[in-house]
Amino acid sequence: MISCAVGMLTAVTVHAATITYTYTGNSFTDVSGPYTTSDTVTGFVTFNSPLGANMPLTAETPTAFSFSDGVQTITSANATSTDFIFTTGHSGEIVGWLVEVETSGGVDLIESGNEGPGTSEDIGLMDVGRGFNTSNPGVWTGGGASVPDSGSTILLLLVSIAALSVVGRRFERSAV
């Protein structure tokens, strides 16, 4: 009985996973203020499960995200408005997207989009300047599962083995 309960807890812990996709943009080509042509949009989004295969443009809500344009960073902790819209290919890879994260009512904005031919752009915008590139989309990578807390999984597995050992010894004593 104890081993069944511990085994079920172990199974639940082992299957808890998150999926992180990482975006790497290309250098800005049009800049002003603090932005330079060395700045790019980079970031990540994390979901509780992978995006589905052959998904049409679909709004998704990540559990965490962070995007930087080389001057500012907007995360799930400081964003005041967000949009995450993705299209996926046959194996669930991101092939089209519109990501907008902003703070301060749109004054500070990071945007990346590639919704089809001629529509790709990366933008970094602050009230003191901007960075921009167009028709030069970056790439998304990732999507592999990662178990967020493997240390507790190992600990729970060791507790399970110890519990089975104790129960086994009690059964041996009862049989004698």
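Please read these numbers as outputs of a predicted model, since none were measured by experiment.
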Can you confirm whether Leu98 sits close enough to Glu111 that some side-chain heavy atom of one is under 4.5 Å from a side-chain heavy atom of the other?
yes
Could you grab the distance from atom CG of Leu51 to atom CD of Glu93, nearest 0.5 Å is fine?
10.5 Å
Spacing of CD belonging to Glu100 relative to CG belonging to Leu109, to within rounding of 0.5 Å:
6.5 Å
Indicate if Ile123 and Val31 have the same hydrophobic cluster label, given that clusters are the connected sets of ILVMFWY residues with side-chain heavy-atom separations under 4.5 angstrom.
no
Please determine whether residues Phe47 and Tyr23 belong to a single hydrophobic cluster, defined as Ile, Leu, Val, Met, Phe, Trp and Tyr linked transitively by side-chain heavy-atom distances below 4.5 Å.
yes
Do you know the tightest heavy-atom contact between Pro62 and Glu60?
CD-O, 3.7 Å
Using a 4.5 Å cut-off on heavy atoms from C-beta on, say whether the side chain of Ile110 contacts that of Gln72.
yes
Side-chain heavy atoms of Thr82 within contact of Phe65, under 4.5 Å:
yes
Please round to the nearest 0.5 Å and tell me the distance separating atom CZ of Phe28 and atom OG of Ser38.
11.0 Å
Name the orientation class of the two ring planes belonging to Trp97 and Trp140 (parallel below 30°, tilted from 30 to 60°, perpendicular beyond 60°).
perpendicular
Hey, does the side chain of Thr134 reach the backbone of Asp122 with a donor-acceptor pair shorter than 3.5 angstrom?
no
Indicate, with yes or no, if Tyr35 and Val128 share a hydrophobic cluster defined by side-chain heavy-atom contacts under 4.5 Å among Ile, Leu, Val, Met, Phe, Trp and Tyr.
yes
Would you call Asp108 and Glu102 a side-chain contact if the rule is heavy atoms closer than 4.5 Å?
no
Examine distances only and state if a side-chain atom of Thr88 and a backbone atom of Met55 form a donor-acceptor pair shorter than 3.5 Å.
yes
Any side-chain heavy atom of Val41 sitting closer than 4.5 Å to one from Ser68?
no
Is there a side-chain contact between Ser66 and Thr73 (heavy atoms, below 4.5 Å)?
yes
Any luck finding a side-chain donor-acceptor pair between Ser27 and Thr37 under 3.5 Å?
no
Just wondering, do Phe44 and Tyr21 contact through their side chains at under 4.5 Å, heavy atoms?
no
Ser120 to Asn136 - nearest heavy-atom pair and separation:
OG-N, 3.4 Å
Please determine, by modelled atom types, if Asn78 and Thr103 share a side-chain donor-acceptor pair under 3.5 angstrom.
no
Is it the case that the side chain of Asn26 and the backbone of Pro137 share a donor-acceptor pair, with hydrogens and angles ignored and the cut-off at 3.5 Å?
yes
Parallel, tilted or perpendicular: rings of Phe86 and Phe84 (30°, 60°)
parallel
Can you tell me how far the OG1 atom of Thr29 sits from the CD atom of Glu121, to the nearest 0.5 Å?
11.0 Å
Measure from the side-chain N and O atoms of Asp69 to the backbone N and O of Asp39, and report whether any donor-acceptor pair falls under 3.5 Å.
no
Heavy-atom nearest pair, Met126 first then Val71, reads SD-CG1, 3.5 Å
Is the backbone N or O of Pro56 less than 3.5 Å from a side-chain atom of Thr58, with the two atoms forming a donor-acceptor pair by type?
yes
Would you check if the side chain of Ser32 reaches a backbone N or O of Arg130 as a donor-acceptor pair within less than 3.5 Å?
yes
